[in-house]
Chemist: 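This is the structure I have questions about; it appears just below.
By convention in this document, chain letters (A, B, ...) are assigned in the order of the sequence lines, proteins followed by strands, and residues within each chain are numbered from 1. Being a predicted model, the structure only gives us computed values, none of them experimental.
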There are 2 protein chains.
Amino acid sequence: MRREVTLRDVAELAGVSSRTVSNVVNGYANVTERTRERVQRAVDELGYRPNVLARNLAQGRSGQIAVVVPYLDTPYFSELLQSVIRAARARGYNVLIDQTDGDPEHERAFIAHGSRRLLFDGVIFSPLGLDQQALADRDPALPLVVLGERTSDGGFDHVGIDDVTASRQATDHLLDLGRQRIAAIGDQPYATGEAAQRRTRGFRLAHQARGLVPREDLIISTPRFNRPDGAQAMAHLLDLAEPPDAVFCYSDLVALGAIRTIVSRGLRVPEDVAVIGYDDIEDGAYSNPTVTTISPDKEMIATTAVDRLLLRIASDTPPPGLEMRAPHKLIIRESTAGRTTATA
Amino acid sequence: MRREVTLRDVAELAGVSSRTVSNVVNGYANVTERTRERVQRAVDELGYRPNVLARNLAQGRSGQIAVVVPYLDTPYFSELLQSVIRAARARGYNVLIDQTDGDPEHERAFIAHGSRRLLFDGVIFSPLGLDQQALADRDPALPLVVLGERTSDGGFDHVGIDDVTASRQATDHLLDLGRQRIAAIGDQPYATGEAAQRRTRGFRLAHQARGLVPREDLIISTPRFNRPDGAQAMAHLLDLAEPPDAVFCYSDLVALGAIRTIVSRGLRVPEDVAVIGYDDIEDGAYSNPTVTTISPDKEMIATTAVDRLLLRIASDTPPPGLEMRAPHKLIIRESTAGRTTATA
DNA sequence: CTGAAAGCGCTAACAG
DNA sequence: CTGTTAGCGCTTTCAG
């Protein structure tokens, strides 16, 4: 690599100090129009490009934020990431993406003091299960925004939709349809399964509000929220003496897996079993049948998270941890309403 | 941010020079066991962490590679990305992900001389359509590996599967099934559509080898390779006087969109129309029906690309541009073989 | 409004 | 095997 054009080279050619060139390049105010022009000409002539690495070192910041998700190839995350990248870029930040594979150890390492420190100025974190231990070990100096609803433990922000309410609405929708035996797929009754547990809570609340009690054997736990999990859980449910006539799935992928099982047994959706998902991923809008779902406002989640993180990065005195809610809505499609709705 | 522990602090405490500390931290050989220990103790005591930014500047490299894809939320890319990230990380590199939204301007900017120069040491590029102009403008000093088959124009590498052969196999499969009127969805008869055109070539070759000539009105162009493209194209095909009895789709998403249209018209897959896709994304293994597809070895593509890029980064004299083929295979599922195959 | 100069923290010639 | 020291290229305090 041949020697690069430096700030000094430009300064020399323009007959000014490197300080002035720096001012011009960074668009600072204190420069005469005349000198600005002269410098600009020199910049163009030499083809000068600032060295990001040097700037980073001098400023002590990297201009990059990290986004940490469990799985990159899960549609919900990749759709969300897209919005985050766009938002960050619009604000002059690069995005470094990291995948934890759902490994709690990896998740923990990411927000703890690490050797990658300084490689990013802050982190937007979508934990699969972030336990109290991990939060206790975290580097308090690292600006952090966590995705997903949770009671903020202070020192960082949360952005997410109201899971309990959304889950209750989903369940209400099935109850409104007159379904009698509603199952839930995706519970995770252990420390790192808080998100799942909030959905289960909503599921129960919807029943209770009508004086009903959900059958415990219809609440199925799954290790993850993928198609295979849904397919397997559904197979189990259909083998019951009294199988469900509706299912609330904690993700659209789970719903797609469940639908697959239902159909492959020769049953019909929604006639025999109505299915509702969660996340509103694109797949669900094109599957057979299309999937009714809870749709979180991903764009809003992304921009809120980025804005809040940048604010946190910019502040000397860290702002208090905030709990932020993005809106969601129920989108009714064929898997609960039936084919009649389809016009496509 | 309070002052960080520096190399010098460690050196002072250990009573050695910073050079020696650097040697220890980087695991270089020339250090006595005794001093190494002493230094290590000092490192631990002070909780020293190397400053990546400073190292980058001193070394003139960033330890990051960029991966540029058209769309992050397209399953094929997100699945591929996952493998790339894993491979890069295993080799000590961070991955910076970028999305071009298929914008040729954006694609061009990425491999041209840019102000982001030095932020990454090399680029793995999956262009939607990389025209000759873009290649001409590229920064010849930037190590580059391009994904997707193409005749290498020198100075960079290509990694991809043999599109023509794969497409021919896909078409052969449909012909072997005895289908008479086979359509193709996804052609892109313009400069940036080379990948699509290779598939069309394979489609034609399969016909020619049997003395057949494909009907031109059954070869449909689409702007992208998504579900809506497939759905729309299929609608058009079904409106023809003599609709096809089989379709070769240039991506699984297109196939899923097409299937959606077929089914919503009350027709059956594969009885009325057999459908084959391309990419082997997870969706296709769980859809109704499951989708027969061409499955590229993504893991192989990713590791080959990363290895080759790192080699390129490490060499002073750039190696010649190589054309590398990853293996692929045909996976037969319900959309061509029928439900009988299904056991799930 | 502009110059001079001191770092940012680390690496790597060049001695010794 | 280890110390000295000169940068990497930019930002930024402090003068002027």
Chemist: Of the nucleotides C:dC10, C:dG3, C:dG9, which has the atom closest to the B:Leu7 side chain?
Modeler: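 Out of C:dC10, C:dG3, C:dG9, the nucleotide with an atom closest to B:Leu7's side chain is C:dC10.
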Chemist: Rounded to the nearest angstrom, tell me the gap between atom CZ in A:Arg61 and atom C1' in C:dC8.
Modeler: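 It works out to 14 Å between those atoms.
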Chemist: Tell me whether B:Ser126 contacts the main-chain N or O of B:Val69 through its side chain, where contact means a donor paired with an acceptor under 3.5 Å.
Modeler: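 Such a contact is absent between B:Ser126 side chain and B:Val69 backbone.
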Chemist: Side chain of A:Pro50: nearest nucleotide among D:dT4, D:dT13, D:dC10?
Modeler: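 Of all the options, the side chain of A:Pro50 is nearest to D:dC10.
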Chemist: Could you give the CG-to-P distance, from B:Leu53 to C:dC8, as a whole number of Å?
Modeler: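 About 14 Å, once rounded to whole Å.
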Chemist: Respond yes when some side-chain nitrogen or oxygen of A:Ser22 is under 4.0 Å from OP1 or OP2 of D:dT11, and no when none is.
Modeler: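 A:Ser22 to D:dT11 OP1/OP2: side-chain N or O found under 4.0 Å.
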Chemist: Between D:dT13, C:dG9, C:dA12, spot the one nearest the side chain of B:Arg19, thanks.
Modeler: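 Among the listed nucleotides, the one closest to the side chain of B:Arg19 is C:dA12.
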Chemist: Taking only the side-chain nitrogens and oxygens of B:Ser18, find out if one of them lies under 4.0 Å from OP1 or OP2 of C:dC10.
Modeler: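 It does not, given that no N or O in the side chain of B:Ser18 lies less than 4.0 Å from OP1 or OP2 of C:dC10.
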Chemist: Does a side-chain N or O of B:Ser17 approach OP1 or OP2 of D:dT2 to a distance below 4.0 Å, or not?
Modeler: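 For D:dT2, OP1/OP2 do not have a side-chain N/O of B:Ser17 under 4.0 Å.
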Chemist: In whole Å, I'd like the distance from the CG atom of A:Asn56 to the C1' atom of C:dC8.
Modeler: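 Result: 11 Å.
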Chemist: Does A:Arg55 reach a base, just sugar-phosphate, or nothing at all? Heavy atoms under 4.0 Å.
Modeler: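 Sugar-phosphate: the residue A:Arg55, judged by heavy atoms under 4.0 Å, touches backbone atoms but no base.
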Chemist: Nearest of D:dG3, C:dG9, C:dG3 to any side-chain atom of B:Val16?
Modeler: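 Between D:dG3, C:dG9, C:dG3, the one nearest the side chain of B:Val16 would be D:dG3.
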Chemist: Is the shortest side-chain N/O distance from A:Thr20 to OP1 or OP2 of C:dC1 below 4.0 Å?
Modeler: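 Checking C:dC1 against A:Thr20, no side-chain N or O comes under 4.0 Å of OP1 or OP2.
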Chemist: Between A:Leu57 (CG) and D:dC8 (P), how many Å, whole number?
Modeler: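 Distance, rounded to whole Å: 13 Å.
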Chemist: My understanding is that only residues two or more places apart in sequence, or in another chain, count here; which of them pass side-chain hydrogen bond (donor to acceptor under 3.5 Å, both in side chains) with A:Arg61?
Modeler: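 Counting only residues at least two positions away or on another chain, A:Arg61 forms a side-chain hydrogen bond (donor to acceptor under 3.5 Å, both in side chains) with A:Tyr93.
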Chemist: Rounded to the nearest angstrom, tell me the gap between atom CD in B:Gln59 and atom P in C:dG9.
Modeler: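 About 17 Å, once rounded to whole Å.
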